[in-house]
Novice: 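One structure, pasted below without further comment.
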Amino acid sequence: MREEIDKIRHGEHGARSPQQAIAIGLSEARRAGVALPPPRRGKAKKSTRKSAGYAYEAGQGKRKTQRRPRVARAVKQVLKKEPRSSASRGALSKQAKRAASRRSAASRSAAARKAARTKGAKVRSTAARKAARTRAKRRR
């Protein structure tokens, strides 16, 4: 994911929206062998699930992929014409907030607790200081 955002920010190619950038990143991760199964029924449209399934199988070594240089070249040319602003801080922040708003409060809270658990003492302490600073600034 991070690599895809960096590619767009460094100008290798663009994306039409933050969602497209995320989709490309997920697909690349699946192809690289990350154990990231495709979305379940009802979570994404059929074509997306099928595409994700192929990428996942390719990454897990269950499917032989054929190289298609002409298609790859065409896709790259199209992506080069897309905007770079879709990977900006603002655009990604907006997307994250929208995605979070679709989740329940309990789900968001559980994710935050898990993040805090996996952070480690030093980083947690830094985050707490930053939060305290933010609260103080908002009080003024």
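Please read all numbers here as calculations on a predicted model, not as lab measurements. One-based numbering along the sequence shown.
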Novice: Please indicate whether Arg16 has more than 12 foreign heavy atoms, meaning atoms of other residues, nucleotides or ligands, lying under 6.0 Å from its CZ.
Specialist: no
Novice: Do His13 and Gln77 pass the side chain to side chain donor-acceptor pair (under 3.5 Å) test, and can you show the C-alpha distance, the side-chain angles, and the key distance before you say yes or no?
Specialist: CA-CA 8 Å; His13 63 76; Gln77 289 302 328; over 6 Å; no
Novice: Using atom types as modelled and distance alone, determine if a side-chain donor or acceptor of Ser101 lies under 3.5 Å from a backbone N or O of Arg98.
Specialist: yes
Novice: Can you name the closest pair of heavy atoms from Ser86 and Pro83 and give their distance?
Specialist: OG-O, 3.5 Å
Novice: Evaluate the criterion side chain to side chain contact (heavy atoms under 4.5 Å, CB included) for residue pair Glu28 and Arg31; output intermediate values, then yes/no.
Specialist: CA-CA 5 Å; Glu28 279 190 8; Arg31 284 184 170 281; 5.7 Å; no
Novice: Between Ser85 and Ala91, which heavy-atom pair has the shortest distance, and what is it?
Specialist: O-CB, 3.6 Å
Novice: Are side-chain heavy atoms of Gln19 and Gln95 found at a separation under 4.5 Å?
Specialist: yes
Novice: Of the non-hydrogen atoms in Ala87 and Ile8, which two are nearest, and what is the gap between them?
Specialist: CB-CG2, 3.6 Å
Novice: Look up atom OG in Ser51 and atom NZ in Lys45, then write down how far apart they are to the nearest 0.5 Å.
Specialist: 10.5 Å
Novice: Heavy atoms only: give me the nearest Arg84-Glu82 pair and the separation to one decimal.
Specialist: NH1-O, 2.7 Å
Novice: Can you see which heavy atom on Ala21 is nearest to which on Glu4, and at what distance?
Specialist: O-CG, 3.4 Å
Novice: Should we count CD of Glu3 as having more than 12 external heavy atoms under 6.0 Å?
Specialist: no
Novice: State whether the side chain of Thr118 and the backbone N or O of Lys114 hold a donor-acceptor pair below 3.5 Å, judged by distance alone.
Specialist: yes
Novice: Taking the side chain from Arg40 and the backbone from Pro38, do they hold a donor-acceptor pair closer than 3.5 Å?
Specialist: no
Novice: Just verifying a value: how many Å separate Arg49 CZ and Lys43 NZ, rounded to the nearest 0.5 Å?
Specialist: 12.0 Å
Novice: Between the side chain of Ser27 and the main-chain N/O of Ala23, is any donor-acceptor distance below 3.5 Å?
Specialist: no
Novice: Indicate the atoms forming the closest heavy-atom contact of Tyr54 with Arg63, along with that distance.
Specialist: CE2-NH2, 3.1 Å
Novice: In the hydrophobic cluster built from side-chain contacts under 4.5 Å, what are the other members alongside Leu26?
Specialist: Met1, Ile5, Ile22, Val34, Leu36, Leu92
Novice: Assess, by modelled atom type and distance only, whether the side chains of Thr134 and Arg138 contain a donor and an acceptor separated by less than 3.5 Å.
Specialist: no
Novice: Taking a hydrophobic cluster as the set of Ile, Leu, Val, Met, Phe, Trp and Tyr residues connected by side-chain heavy atoms closer than 4.5 Å, whether directly or through intermediates, do Val71 and Ile24 fall within one such cluster?
Specialist: yes
